[in-house]
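The structure under discussion appears below in the form of structure tokens.
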There are 2 protein chains.
Amino acid sequence: MDTAELIITEAHGLIQSHGYHGFSYQDLADRLGIRKPSIYHHFPSKADLGRAVVARYRAKIGAVATQIKIAGDIEPWSALSLYVAPLAEIGRTPDQACLCAVLGGEYLVLPSAMQDEVAAFYRDQIAFVTELLDRGRRIGAFQFRGEPAAMARLAFAAIEGGMAIKRALDDTSFFDGILATLRQVLGGDGN
Amino acid sequence: MDTAELIITEAHGLIQSHGYHGFSYQDLADRLGIRKPSIYHHFPSKADLGRAVVARYRAKIGAVATQIKIAGDIEPWSALSLYVAPLAEIGRTPDQACLCAVLGGEYLVLPSAMQDEVAAFYRDQIAFVTELLDRGRRIGAFQFRGEPAAMARLAFAAIEGGMAIKRALDDTSFFDGILATLRQVLGGDGN
DNA sequence: GTCTATACAAAGATAGAC
DNA sequence: GTCTATCTTTGTATAGAC
């Protein structure tokens, strides 16, 4: 893997646990076993690096959604499980959280390029969940009242909020519980 | 109002928008029109101040819950509205968020006294909502399936998550929408 | 209780050699 | 592409006068 990619990976981990303002190029250099100025060769400023980290994460999570959309006829409950899988994995760890759940707290003091990426992430995800819920209910798989868009916002807010809360409560099953309750709300007895 | 209280108030505002690591005693001094060392007279360290800010917020939100519990026979939908009112007010602003929604992102790099306060806040709130939902369903006001505790966790996660997301989406009605959908999930057509 | 002055460390960043 | 050396600013904090 090339160095830039390694830097992004390590930075992702640091932001996820420490926040954007909670990590420094020095932390990064220590973990990578290189010197601070070497990082500047790849990312001329911390804001550039931050933007790259969120952009890659957005692309990664977005790719899952895209694959589900391409195979347009996946059974809605399965599609939901597929979509939620990478988030659930993060949710089961004691110290990680969705990158954008962490950055949401710092939003107003983020470099503007990062703000744009974070906002785009939220919008993408809510749009995808909206589509999924809409189709699922039309087909008869989901049963909930109200607008799919409204339910999607609730679901996504709970996912992001759950990520933040579970670390403080030190309960690795907290997030899975949120997901299970969400499934129940969507009308089945779960999966 | 005494100076310590003024400092806490100003610090609360700064943390709410900038996060704990995003504000300094200098920022605070500028806003208060005093000098940095004067703040140290009241709060010997930034961690002390941070703890005091969260403690006061926790007491404030907790007081609402306590009042509702004392008057034990309030109609559940009204009790919910009362409880949610101060949060809804924050939610309607473009740049504020629940203090603990912001601090959740920074949780792992918070001074441990602050971590304790934040975790206690989450626990308090979830416990209160659990009680409220439980009683409400017994009485027949709410109609949802599953454990009250599970539904309370979902509701509270959505509240905290919604606070963070709405700032990025720059949509002042986003949070009210979350609340409305939550009411719908609890079984009525809203209020 | 508030001030001036200052210590000390860390952060973001650049210059220029290899 | 990575290094050493260095600059500048900011952040947390203390000493001690008023």
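A, B, ... follow the sequence lines: proteins, then strands. Residue 1 opens every chain.
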Does B/S38 put a side-chain nitrogen or oxygen below 4.0 Å from OP1 or OP2 of C/dG1?
no
Among C/dA13, D/dT12, D/dG11, which nucleotide sits nearest the side chain of B/K36?
D/dT12
Separation of C/dA9 C1' from A/D27 CG (nearest whole Å)
14 Å
Could you go step by step and tell me if B/D95 and B/R167 meet the salt bridge (Lys or Arg N to Asp or Glu O under 4.0 Å) rule?
CA-CA 6 Å; B/D95 56 354; B/R167 297 197 297 185; over 6 Å; no
Have A/S173 and A/D176 got a donor and an acceptor in their side chains that come within less than 3.5 Å?
no
Side chain of B/S45 only, please: which of D/dA13, C/dA13, D/dA5 is the nearest?
D/dA13
Could you tell me how far apart A/H21 (NE2) and D/dT12 (P) are, to the nearest whole angstrom?
12 Å
Send over the distance from B/L28 CG to D/dT12 C1', rounded to a whole Å.
13 Å
Of all the choices, C/dA15, C/dT4, C/dG12, which nucleotide is nearest to the side chain of B/R35 once you look at every atom?
C/dT4
What distance do B/R137 atom CZ and B/R145 atom CZ have between them, rounded to the nearest 0.5 Å?
10.5 Å
Side chain of A/H42 - closest among C/dG12, C/dC3, D/dG1:
D/dG1
What nucleotide among D/dT12, D/dG1, C/dA13 has an atom nearest to a side-chain atom of A/Y40?
C/dA13
Write down the distance between CZ (B/F43) and P (D/dT12), rounded to a whole number of angstrom.
15 Å
Find the distance A/I7:CD1 to D/dG1:P and express it as a whole number of Å.
10 Å
Taking the side chain of B/S24 as heavy atoms from C-beta outward, which of D/dT14, D/dT12, C/dA11 is closest to it?
D/dT12
Rounded to whole Å, how long is the line connecting atom NZ of B/K46 with atom P of D/dG11?
8 Å
Whole angstrom is fine here: how far is it from CG in A/D2 over to C1' in D/dT2?
15 Å
Step by step, work out the salt bridge (Lys or Arg N to Asp or Glu O under 4.0 Å) result for A/R138 and A/D134.
CA-CA 6 Å; A/R138 268 188 230 284; A/D134 192 22; 2.8 Å; yes
Out of D/dT12, D/dC3, C/dA5, which has the shortest distance to the side chain of A/I34?
D/dC3
Measuring from atom CE of A/M163 to atom SG of A/C100, what distance do you get when rounded to the nearest 0.5 angstrom?
10.5 Å
Between P of D/dT10 and CD of A/Q26, the distance in whole Å
20 Å
